[in-house]
Engineer: 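Below is a structure I'd like to ask you about.
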Amino acid sequence: MMQLDELNDKQREAAVYVDGPLLILAGAGSGKTKTITHRIAYLIEEENVNPYNIMAITFTNKAAGEMRERIDRIVGFGSESIWVMTFHATCVRILRRFIDQIGYDRNFTIYDTDDSKSVMKAVFKKLQIDPKQYKEATVLREISNAKNELLGPDDYALQNAADFGKKRYIDAYREYQETLRKSNALDFDDLIRLTVYLLKACPEVLENYQHRFRYIMVDEYQDTNTAQFVLIKLLADAHKNLCVVGDDDQSIYKFRGANIKNILNFEKNYPDAKVIKLEQNYRSTQNILNAANAVISNNTGRKTKKLWTAREEDMPVRFRMYDSGKEEAEEIVDEIIRLKRRGEYEYGDCAILYRTNAQSRAFEEAFVYQSIPYHIVGGVNFYARKEIKDVLAYLKTIDNAKDDLAVRRIINVPKRGIGAASITKVQEYADSRGISFFDACTEAEQIPTLGKAAEKIKNFSLMIRVFRTRLEDSGILEITQKLLEDTQYIEEIQASDEDDAEDRIANIDELLTKIQLYEEDNPEGTLSEFLEEVALVSDLDAVDEGDSRVLLMTVHSAKGLEFPVVYLSGMEDGVFPSYMTINSGNEEDIEEERRLAYVAITRAKDILAISSARARMIRGETQYNAVSRFVKEIPQEYLKGEVPIQRVRWDEVPSQGSKARDFFRENPYHANRTDAGKTYVPKKIVLSKGSDLTSEKPDYQVGDRVVHIKFGEGTVTAMEQTPRDIQVTVVFDSVGQKIMYAMFAKLKKI
DNA sequence: CGTACTAGTCTTTTT
DNA sequence: GACTAGTACG
């Protein structure tokens, strides 16, 4: 008999309500994963449902992995036949089996955002679209939106036929999709869209899956887009045993096509749906929850819901304002050191959250300076790094001969004397014959205009084909190692004497380790399967419990996670909420940012420290922003703020509408002071122009010990004045001698 | 064909 | 400020 008594009343109600549509509105930290896992256990143990008939869909691999683990623990035997996967992985699984029915090859490749951009670049060239007039990113976003709405190129053309402004978009979408098809490639959005297309086009495939998935659960339902909504609807249509879990207040992916109406209108779409709210929070202190509730209550059109907790400890949320982004970072790092020293918290208990990835740099510098272990989540995805993409492109070329993009990427990497001109000629030949780029390479001697390059191209093609045959009796790791050896790829990096050569080689080593781990975990795994897994993996998945480093990440990345101590930084109007949303003047956009703030606040268990900076460098420009409107929405009684008054001096009244004036009027702490009508001018702001660290002379000289953000500690051996900057030579303890510009290197004396 | 320098863009968030 | 694509030159 299973343990339902671990659940509270509402959770239990949700766990045992198994027939028909169910909407679980689960507030932050209300134990939704626990509820879902118990529900699955209940289905199997009490309702005698075959695990084979159950499916649980999530958005991130991390969420899927976590759920898988918890299900395995509670269900035990048979749990492996439950589908616990992300939307994308689910679709790949379906497509790998049936995509040939809609005219693709079953060993299709998956293009990431980078690949899509390359394709679009080629499309622009081919259609002679002026990249100054149209932006690739904009066109891609438009296509992505269309795909999320299940519009193929033809549907899109039809829908926008009357709009002259969209003419080029229509052409670009057509050509883009045609290129993908020729390359036997699918982008992220295609994975969902084409699965829906397949299920609609092939009733017997749909029936097969409908029959199989008698019970379907969807996590983070508020983040589903139209395509995902339709996919779920199709799959659940036969049995209607659809349980969706979500929180409309945590819908933060509108830019990715998420449609908050999917959750708000669930009861309309499923009139007999049962709705259960989970409002008890097991994570945060009451003060943190009060702050979160206060902020989110400013949004309209929510499903009302109020989080409460039984937790007693109650430390007010703290707000602090700093002079600059740099000071903010340094002070926060100092504070984390103090928390650790006092033995209250470990580094791994602390997280620093920010709105944009660019904000991580100031923190990174502060952490390096203090030698505190830290880990930045997100940013440049490991698999998006140049050297990793190169190696993967080799593997893709070996795996799928039709992936032109991969072939073109590595045909001259490392340099083998095949230049842009030759590549164009091969491409033209391929286009005229209607064959793939790689096949054209194989018959390079047939292309008369190539001249000497033909021989080189031929050799390249031969090498790939040799690897292809080798693949039959050697593992992925073996192939990759041989590949690196044959191509002298690592030697090439070493010879390039770029200052990140060591990093890049380390990255390749890490890739080899990942391949090895993959092969250990999946002894039967093929190269295709490995590449597929890699394509759907993000950096966030690397976050593991028990990490002893301070975590830094965007608020988006933090969704679904929790930390004892949270520093919510950069709370300024223009940063969070971002300029884009403020300028758009669209209240809906502001509401989305507010939900983002709500997500940020509710990540904290014990301590929440909010901060802002008076001045901040953004895109190489110093900006003075007001304290975020979201901070002002937190009532004073839940907040404790300390503005460093001593850094501020009483000065003349600035002219109407000046930034300094606005700043103080907007500052919640000054607003309530007796002299609130008057205005302060912070001294440092007036002086700050040109006083930035970059224009200062180095404070070190030859013989000094210095620390660098990447290379660690070293000794300065030479300094030479050049027209633009000072050239510094440093012998680092770990990586040896490097020559760099002082302005660029930002060395710190120790 | 490859390198070195320049100009332009980017920054909101990601599976 | 940082990165990238594009261009001029060797």
Engineer: When you check the gap from the basic side-chain N to the acidic O, do A:Asp114 and A:Lys117 get nearer than 4.0 Å?
Structural biologist: no
Engineer: Rounded to the nearest Å, what distance is computed from the NZ atom of residue A:Lys62 to the C1' atom of nucleotide B:dT14?
Structural biologist: 16 Å
Engineer: Please state how far atom CZ in A:Phe229 lies from atom C1' in B:dT15, giving the value in whole angstrom units.
Structural biologist: 20 Å
Engineer: I'd like to know if A:Glu592 pairs up with A:Arg595 as an ion pair, taking the criterion as any Lys NZ or Arg NE/NH1/NH2 lying under 4.0 Å from an Asp or Glu carboxylate oxygen.
Structural biologist: yes
Engineer: Using a strict cut-off of less than 4.0 Å between a Lys/Arg side-chain nitrogen and an Asp/Glu carboxylate oxygen, indicate whether A:Asp573 and A:Arg629 qualify as a salt bridge.
Structural biologist: yes
Engineer: In this structure, how many angstroms lie between the P atom of B:dT14 and the CG atom of A:Leu561, rounded?
Structural biologist: 13 Å
Engineer: Looking only at atom P, what distance separates C:dT4 and B:dT13, rounded to whole Å?
Structural biologist: 15 Å
Engineer: What are the atom names and distances for every N/O pair under 3.5 Å that joins the protein to nucleotides 8-12 of chain B?
Structural biologist:
residue	atom	partner	partner atom	Å
B:dT12	O2	A:Arg355	NH1	2.6
B:dT12	O2	A:Arg355	NH2	2.4

Engineer: Kindly state each residue pair satisfying salt bridge (charged side-chain N to carboxylate O under 4.0 Å, His left out) with at least one member in residues 216-232 of chain A, sequence neighbours excluded.
Structural biologist: A:Lys32-A:Asp219, A:Lys32-A:Glu220, A:Glu220-A:Lys559, A:Asp223-A:Lys559
Engineer: Indicate whether OP1 or OP2 belonging to B:dT3 is found under 4.0 Å from a side-chain N or O atom of A:Lys415.
Structural biologist: yes
Engineer: Whole Å only: how far is the CD atom of A:Glu532 from the P atom of B:dT15?
Structural biologist: 17 Å
Engineer: Can you work out whether A:Ile423 or A:Phe87 has the more 5'-proximal nearest nucleotide on DNA chain B?
Structural biologist: A:Ile423
Engineer: Within this structure, what is the OH-to-C1' distance between A:Tyr598 and B:dT13, rounded to whole angstrom?
Structural biologist: 19 Å
Engineer: When the distance from CD1 of A:Ile252 to P of B:dT15 is rounded to whole Å, what number comes out?
Structural biologist: 11 Å
Engineer: Classify A:Asn412 by what it touches in the nucleic acid, base, sugar-phosphate, or nothing, heavy-atom distance under 4.0 Å.
Structural biologist: sugar-phosphate
Engineer: Examine A:Phe255 together with A:Tyr253 and report whether their ring centres are nearer than 6.0 Å.
Structural biologist: yes
Engineer: Quick one: is B:dT15 close enough that its OP1 or OP2 comes under 4.0 Å of any side-chain N or O from A:Thr113?
Structural biologist: no
Engineer: Classify the angle between the aromatic ring planes of A:Phe363 and A:Tyr354 as parallel (below 30°), tilted (30 to 60°) or perpendicular (above 60°).
Structural biologist: parallel
Engineer: Can you measure A:Asp189 atom CG to B:dT14 atom P for me and round it to whole angstrom units?
Structural biologist: 16 Å
Engineer: Let me know the distance between NZ of A:Lys386 and P of C:dT4, rounded to the nearest Å.
Structural biologist: 6 Å
Engineer: Check the orientation of A:Phe229 and A:Tyr221. Use parallel for under 30°, tilted for 30 to 60°, and perpendicular for over 60°.
Structural biologist: tilted
